2 protein chains.
Amino acid sequence: MRYIQKGEYGVPPSTSIDENDPLFVQAIARAMQVLSTFHDASKPLTLNEIAAAGGMGKSAAQRVVHTLRQLGYVQRDADDRGYVPGIRILDHTRDYLRLNPLVARASPVLMELRRSVRERVDLSLRDGLRLIYAARLQSKRETFFATLVGQSVPIYCTSGGRAMMAHMSDDEVDEIIERSERREITPKTITDPQAIRAKVQEARENGYALALEEVLQGEIAIATALLSPEGRPLGAIHIAGSLSEWDAESFCRRFAPLAGEAAGVINRF
Amino acid sequence: MRYIQKGEYGVPPSTSIDENDPLFVQAIARAMQVLSTFHDASKPLTLNEIAAAGGMGKSAAQRVVHTLRQLGYVQRDADDRGYVPGIRILDHTRDYLRLNPLVARASPVLMELRRSVRERVDLSLRDGLRLIYAARLQSKRETFFATLVGQSVPIYCTSGGRAMMAHMSDDEVDEIIERSERREITPKTITDPQAIRAKVQEARENGYALALEEVLQGEIAIATALLSPEGRPLGAIHIAGSLSEWDAESFCRRFAPLAGEAAGVINRF
DNA sequence: ACGAAAGTATCGTACAGCGATACTTGGTCC
DNA sequence: GGACCAAGTATCGCTGTACGATACTTTCGT
């Protein structure tokens, strides 16, 4: 089981808002830009790398990095080889999770679900064309990097994404499919629009969505959507297991009812 | 079991660096300041609240919030009642965890440890006078908010903190004790400097540290330190259980060797 | 010992961001 | 239901912040 790396896909491409909005403080955008440089990094970065990646001059990168460093959002690498994200980021992680009402509502139910299901249980939230994992309750045999908070996956080829699409209009579904950069993350990833629509329809009929090895080899996942009071899908809960232990049919028979029940509890407050 | 709330203690008080450093970009500091406002919030904030808390004018808050919103680091609350942190924060969480070598090294060992220990296992990292949880492998019966990534606790009164202090010089220990704002988080919290030093000494002798209900009622925790190659303590691993299921002695006898072994593996690469 | 690359410091100028103020919207109280 | 209050949005001229070019120092690798 090798997991996809990087933030390659999904992270909205510096969402091209900017222009000449008089309220927009570009120094802040630069700062976030610098922090986002690390999305595609697999090692500490030098000032010049940061400057180049962010399309800014060395001086600008210097000032931004300097400032972020003072504040604890960027640190020198342990071996003094370059810059890495700083620990202060985690404070904001906590704030985000605490103050997100869906996370707050869903979490106890998720913990409960994890008790009856000895597999990995996840909570993911939508951000544009992707899902971001906000809570992950690991099973025994997982590698850590496959279960990071903040990990994101595309909507079009994941169980959670399809569970959400099942609650959208056909137009919305089509728009997501169109705008997604559909890549074969694994050989099993479904990228054909027609086939995706079929899987969504299947999810509508079953009340849960299924994905087999579409993001991670050997992984089976089912999901159900979490809805706003008005019925709009906001995220999903996932149950994920290994195909070395389960076949698809028995996995679904065993866990789909539990996932459905959990989502039901969360959705009705 | 009620957990302490807020970021009340611990978060370095906007670490009074600033002055007239010519490289310091204050617009960035303002942005982070705004995001940090949420550390003490338990509900969505209005613009005026943000402005007031950050000691800046309404206009400034407006611009900063506007910009952060465009970028996805701040969102409107679901009910449009105020502002909350935005989901983009989680992307940086992932980067931090991925790029932190200690987290990377420790995680597989932690997962392994969790397998043999049916209690909660945590990895925490030092930031000044506090420890921040970077990875948390829950046990069955935990409440979600007690196990958030990004949660922080003081060094002086936690098992992890004492495990780290056990690897510092007496001077360093004293400095931490002195500079810490020592509050009785629970009735059992040890705040007396002399008593803390004794606990540190005890940890030095045992090779692990112990804390009983000092942060969370009913909780027992032991910890061992994680060290840099040079021997400086960088963080700790914790095993936490409930006093309704264990007495201190049997908890230590059972888990201290496992915690020690795990830390040993991590520390020798 | 040398050269290259990374990080740090300096400085005059222009325009980005400043803050005061005024306008719009929406919710609440009597 | 109308009046009020607070929240959010928009505008504008001035000033001081942040800009980028450049030069200096330090740390590597060979």
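Not measured: the values here are computed from a predicted model. In what follows, chains are A, B, ... by sequence order, proteins preceding strands, each numbered from 1.
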*asked:* Would you say the ring centers of H92(B) and Y73(B) fall short of 6.0 Å from each other?
replied: yes

With side chains defined as the heavy atoms from C-beta onward, is the minimum distance between [X] and [Y] less than 4.5 Å?
X	Y	value
Q75(B)	Y83(B)	no
V84(A)	N100(B)	no
S124(A)	V153(A)	no
L99(B)	D77(A)	no

*Is R63(A) positioned over the aromatic face of F24(B), cation under 6.0 angstrom from the ring centre and no more than 45 degrees off axis?*
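Not flagged: R63(A) not positioned over aromatic ring of F24(B).
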
*Tell me, for nucleotides 25-30 of chain D in 5' to 3' order, what letter each nucleotide earns: B for a base near a protein heavy atom under 4.0 Å, S for only sugar-phosphate near one, - for neither?*
------

Separation of [N] [atom2] from [X] [atom1] (nearest whole Å):
X	N	atom1	atom2	result
F24(B)	dC19(D)	CZ	P	13 Å
R30(B)	dG17(C)	CZ	C1'	9 Å
I28(A)	dG17(C)	CD1	P	8 Å
E49(B)	dA6(D)	CD	P	12 Å
Q26(B)	dG16(D)	CD	P	12 Å

_Pair D91(B) + R88(B), salt bridge at N-O below 4.0 Å_ =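 Counted as a salt bridge, because a side-chain N and a carboxylate O are separated by less than 4.0 Å.
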
_Both N48(A) and A27(A) contact DNA chain C. Taking the nearest nucleotide for each, which residue is further toward the 5' end?_
N48(A)

Close N or O pairs between protein and nucleotides 9-11 of chain D (under 3.5 Å):
{"from": "dT9(D)", "atom 1": "OP2", "to": "Y83(B)", "atom 2": "OH", "distance (Å)": "3.4"}
{"from": "dA10(D)", "atom 1": "N7", "to": "Q62(B)", "atom 2": "NE2", "distance (Å)": "2.9"}
{"from": "dA10(D)", "atom 1": "N6", "to": "Q62(B)", "atom 2": "OE1", "distance (Å)": "3.3"}

*Donor-acceptor side-chain pairing of T147(A) and R136(A) below 3.5 angstrom*: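 No pair is found: no donor N or O on one side chain lies under 3.5 Å from an acceptor on the other.
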
